[in-house]
There are 4 protein chains.
Amino acid sequence: MSEPLASPPPGRPRDAALDANILRAAMELLGESGIHAVTMDAVAQRAGAGKASLYRRWKSKDELLADALTLHSPIDVEVDTGTLRGDLVKIYEHYYGIGNHVMQAAVQEMLGNVRQHMAWTEKVAPERLTARRAKVRALVERAVVRGEIAAPDDMDLLLDLVPAMILYRYNTRSQKVTRASIARFVDGLVMPLAQKAARAPQP
Amino acid sequence: MSEPLASPPPGRPRDAALDANILRAAMELLGESGIHAVTMDAVAQRAGAGKASLYRRWKSKDELLADALTLHSPIDVEVDTGTLRGDLVKIYEHYYGIGNHVMQAAVQEMLGNVRQHMAWTEKVAPERLTARRAKVRALVERAVVRGEIAAPDDMDLLLDLVPAMILYRYNTRSQKVTRASIARFVDGLVMPLAQKAARAPQP
Amino acid sequence: MSEPLASPPPGRPRDAALDANILRAAMELLGESGIHAVTMDAVAQRAGAGKASLYRRWKSKDELLADALTLHSPIDVEVDTGTLRGDLVKIYEHYYGIGNHVMQAAVQEMLGNVRQHMAWTEKVAPERLTARRAKVRALVERAVVRGEIAAPDDMDLLLDLVPAMILYRYNTRSQKVTRASIARFVDGLVMPLAQKAARAPQP
Amino acid sequence: MSEPLASPPPGRPRDAALDANILRAAMELLGESGIHAVTMDAVAQRAGAGKASLYRRWKSKDELLADALTLHSPIDVEVDTGTLRGDLVKIYEHYYGIGNHVMQAAVQEMLGNVRQHMAWTEKVAPERLTARRAKVRALVERAVVRGEIAAPDDMDLLLDLVPAMILYRYNTRSQKVTRASIARFVDGLVMPLAQKAARAPQP
DNA sequence: GATTAAACGAGACGGTACGTCCAGTCTTCAG
DNA sequence: CTGAAGACTGGACGTACCGTCTCGTTTAATC
């Protein structure tokens, strides 16, 4: 009932499959050869598309890249290990491509190099990052409901901790994301802060 | 005795003032028009220098930029407010240019955009960031000695927290560095973690 | 007997008015903004047509342009001033749009610029230029019959003289076609050559 | 004494050899593969130059092409066969590359196709075409002095005849320049017109 | 009237060339 | 040898346009 009567716009419709095809081509190039191989010509060629088709969809290379990175970084996972610590480790491993080589290579590249002049912020965040934040927030709230931890003092800060540390350490000291580093951030930062509230008032 | 007898190198000596002049030109352009205005030609022209003089001093634009950003972000501050919380807030405010408009604008730009293809990591970190880390570490250790807090479980993580959050929030949500945000990170993250160790074992 | 019984092809018939509409649009653009404004998209848009309708009628832009230029440059004129000189001046003035401002502007443009990668030759010549040549040839032959001149030694050369000079001078020295220049070519080239044959054998 | 004291402009001077190198590359491509092979990238690559060096010297492809065609079409020939007819045939054959296959191919290409949107006129004419005209004019004047012909009524027209016919016939009927066609134009047009003046007043 | 098949406006598509910009290097002349 | 000036190679970017294709719609001629 919402829009059933809207007549389609005139002219040949966009090929929806091409969108995905282009984004996939960009990610492949990124994963295979690094950011310097991701030129608009190369993406177009690999996608079997013309450059015009790229620029019809995205105003610039940056916007294409932003979309490529976010659309190909998965959101939907079902995580339920029974403990908050286990849930967090598992979901972050999933988000950062641990155990998925192509994905991981691309993520690493992106962390350090992708954001050129990219107005990364407004492009990526709204669509994917907030969705991820919501997922993690749900895990924490479930732990609260379950009685595992008390409600955190500052949930927003808590949710940013792991991605912030990963980004910072990659950018300042080239430290890659690993299973171990994720565990360290969860055990050393998130869990202590989450448990603090529950523990402090006890005595 | 070691140096005075060495005969001076032949030819015209380097103009030491030029180094600073070039770096200043780079920072001005960054502050005025953003990172995309910082081209080597533009820097050379504004500094009244030739491009060769830039490349004689730095191997690449990245290195020049790294130097420019770090040299203009001061390290040496004497901070002693009596409490760890006060020390941390003060030193971070100093590092991020709170209260210095030109500096602050440049830092904001840098946070979001500078790292182009820049191998930012190896250029900036060794020289400035580690010096800053050492400063902050000293503040924390002084607080331990003073008995204000116990020795942190994972000092390395603690030292990265504030800069990591600043970087992440700027990059993903365009949040600028303010006096308030620094206080929030210190109060909501660093201090709770530092005090946790001291508090937990008490009962 | 050949055509009348052929059943018309099935489907919607071509809109004959559209042909003229498209050609007119092309000529308008040419006259208003020069050859660089005559893109297939622009022609289609101005004609209120789709590009497919253009390409259904002409195999390429060149052919469309050739048609546009020739269809709008009239062939059929009745010229009979009594002298060959008068006939030639009059017909060339007609062909080159002297006294027709829109037409003349288009012709000027065409002379200098139209022939892009255009295989101008095979497209235009057969249909219009040869018709024009035939017209001029008739004028000359009439003058021969009338006894005004003897049969020229090399008629083919004679017929090309004026258009060749107009084309060349426009292309090499930007000289536009005017009433005066046509008169000069006729009086200084065509007439002397036509009369020569008649005069030389006299003594 | 004219400019000996002018100090050279600062900076690295243009590489004069590169100019010729680029023009040669353009001509080679034109001669070998036709006008469609003459892209700016291809010219730059063959010349071992960057595209910036092409655009530093010429504002557009058209201007480069105009220079290439004119600079490589020779002017200086010593022609003295003893008769005007012989001189003209010989110099035109030289100008149109008869007996020089690479040159001739390029000229043919140029006649029909090169001038795309090119403001051919102002680029080519002043520098080379007028020089050629002067050469031919000298031949005619020498014949006048020698008493072979009388002074022509309209010298300017005479000088344009052969190139105009060549251009026109190529463009409208794809007729290539040959030894025979040059002879035909000289014998059928230029010589009769030149001799007419001398002959007519006799009786 | 229903069917059919082509023409129609609109605009997306692949491809190709253009002209611009910038990093990093090289070359000149002056000090 | 340093310095300013600026030319050099190389390569990516974003634009423009051609000729083709694919939609949904309209229009005759036929059934």
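Residue numbers begin at 1 in each chain, while the letters A, B, ... track the order of the sequences.
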Item checked: C:R57 and C:D67, any side-chain heavy atoms less than 4.5 Å apart -> no
Check: Could you give the CD-to-C1' distance, from D:E63 to E:dG19, as a whole number of Å?
Finding: 13 Å
Check: What is the distance, rounded to the nearest whole Å, between atom OH of A:Y55 and atom P of E:dG15?
Finding: 17 Å
Margin query: Can you give me the closest heavy-atom contact between D:K51 and D:D41, atom names plus distance?
Written below: NZ-OD1, 3.5 Å
Next item on the list: Take atom CE of A:M40 and atom C1' of F:dC13, then tell me their distance rounded to the nearest Å.
Entry: 9 Å
Item checked: Euclidean distance, atom CG of residue A:D62 to atom P of F:dC13 [Å, nearest integer] -> 9 Å
Notebook entry, point to check: Quick one: bend of the helix from E:dG1-F:dC31 to E:dG31-F:dC1 from 5 pairs per end, to 10°?
Noted result: 10°
Check: Rounded to the nearest Å, what distance is computed from the CH2 atom of residue C:W58 to the C1' atom of nucleotide F:dC18?
Finding: 16 Å
Next item on the list: Have a look at A:A44 and say if it touches a base, only the backbone sugar-phosphate, or nothing, with a 4.0 Å heavy-atom cut-off.
Entry: nothing
Notebook entry, point to check: In whole Å, what is the span from the CD1 atom of A:I22 to the P atom of E:dA12?
Noted result: 13 Å
Check: In Å, rounded to the nearest 0.5 Å, how long is the span from CG of A:L18 to CZ of A:R24?
Finding: 10.0 Å
Check: Could A:R14 and A:D19 be called an ion pair, given the rule that one side-chain N must be under 4.0 Å from one carboxylate O?
Finding: no
Notebook entry, point to check: Do D:R12 and E:dC26 share a donor-acceptor pair, side chain to base, under 3.5 Å?
Noted result: yes
Next item on the list: Spell out yes or no: do the side chain of B:K51 and the base of E:dG24 have one donor N/O and one acceptor N/O closer than 3.5 Å?
Entry: yes
Margin query: In this structure, how many angstroms lie between the C1' atom of E:dT16 and the CG atom of A:D41, rounded?
Written below: 10 Å
Item checked: Nearest heavy atoms of A:L29 and A:R46, plus distance in Å -> CD2-NH2, 3.6 Å
Next item on the list: Run through B:L65, B:L30, B:L54 and flag the one making a side chain to side chain contact (heavy atoms under 4.5 Å, CB included) with B:V43.
Entry: B:L54
Note to self: Please compare B:T39 and C:A47 by the position of their nearest nucleotide in DNA chain E and report the one closer to 5'.
What the structure shows: C:A47
Checklist line | Most 5' of C:A52 and B:R57 on DNA chain F, judged by nearest nucleotide | finding: B:R57
Checklist line | Heavy-atom neighbours of C:E32 CD exceed 12 at 6.0 Å | finding: yes
Next item on the list: Kindly point out which of E:dG24, F:dG14, F:dA5 is positioned nearest to the side chain of D:P10?
Entry: F:dA5
Report each atom pair, protein N/O against N/O of nucleotides 1-4 of chain E, whose distance is under 3.5 angstrom.
none

Check: How close do A:A37 and A:A42 get, heavy atom to heavy atom, and via which atoms?
Finding: O-CB, 3.7 Å
Notebook entry, point to check: At under 4.0 Å between heavy atoms, what does D:S53 touch on the DNA or RNA strands: base, sugar-phosphate, or nothing?
Noted result: base
Margin query: Ignoring hydrogens, what is the shortest heavy-atom contact between C:A26 and C:A68? Give both atom names and the distance.
Written below: CB-CB, 4.2 Å
Notebook entry, point to check: Which heavy atom of D:I22 sits nearest a heavy atom of D:W58, and at what distance?
Noted result: CG2-CZ3, 3.8 Å
Notebook entry, point to check: Which listed nucleotide (F:dA4, E:dA23, F:dA28) is nearest to the side chain of B:L18?
Noted result: F:dA4
Next item on the list: Using a cut-off of strictly less than 4.0 Å, decide whether C:R14 has a side-chain nitrogen or oxygen near OP1 or OP2 of F:dT26.
Entry: no
Next item on the list: Report the distance from atom CG of A:D15 to atom C1' of F:dT22, rounded to the nearest whole Å.
Entry: 10 Å
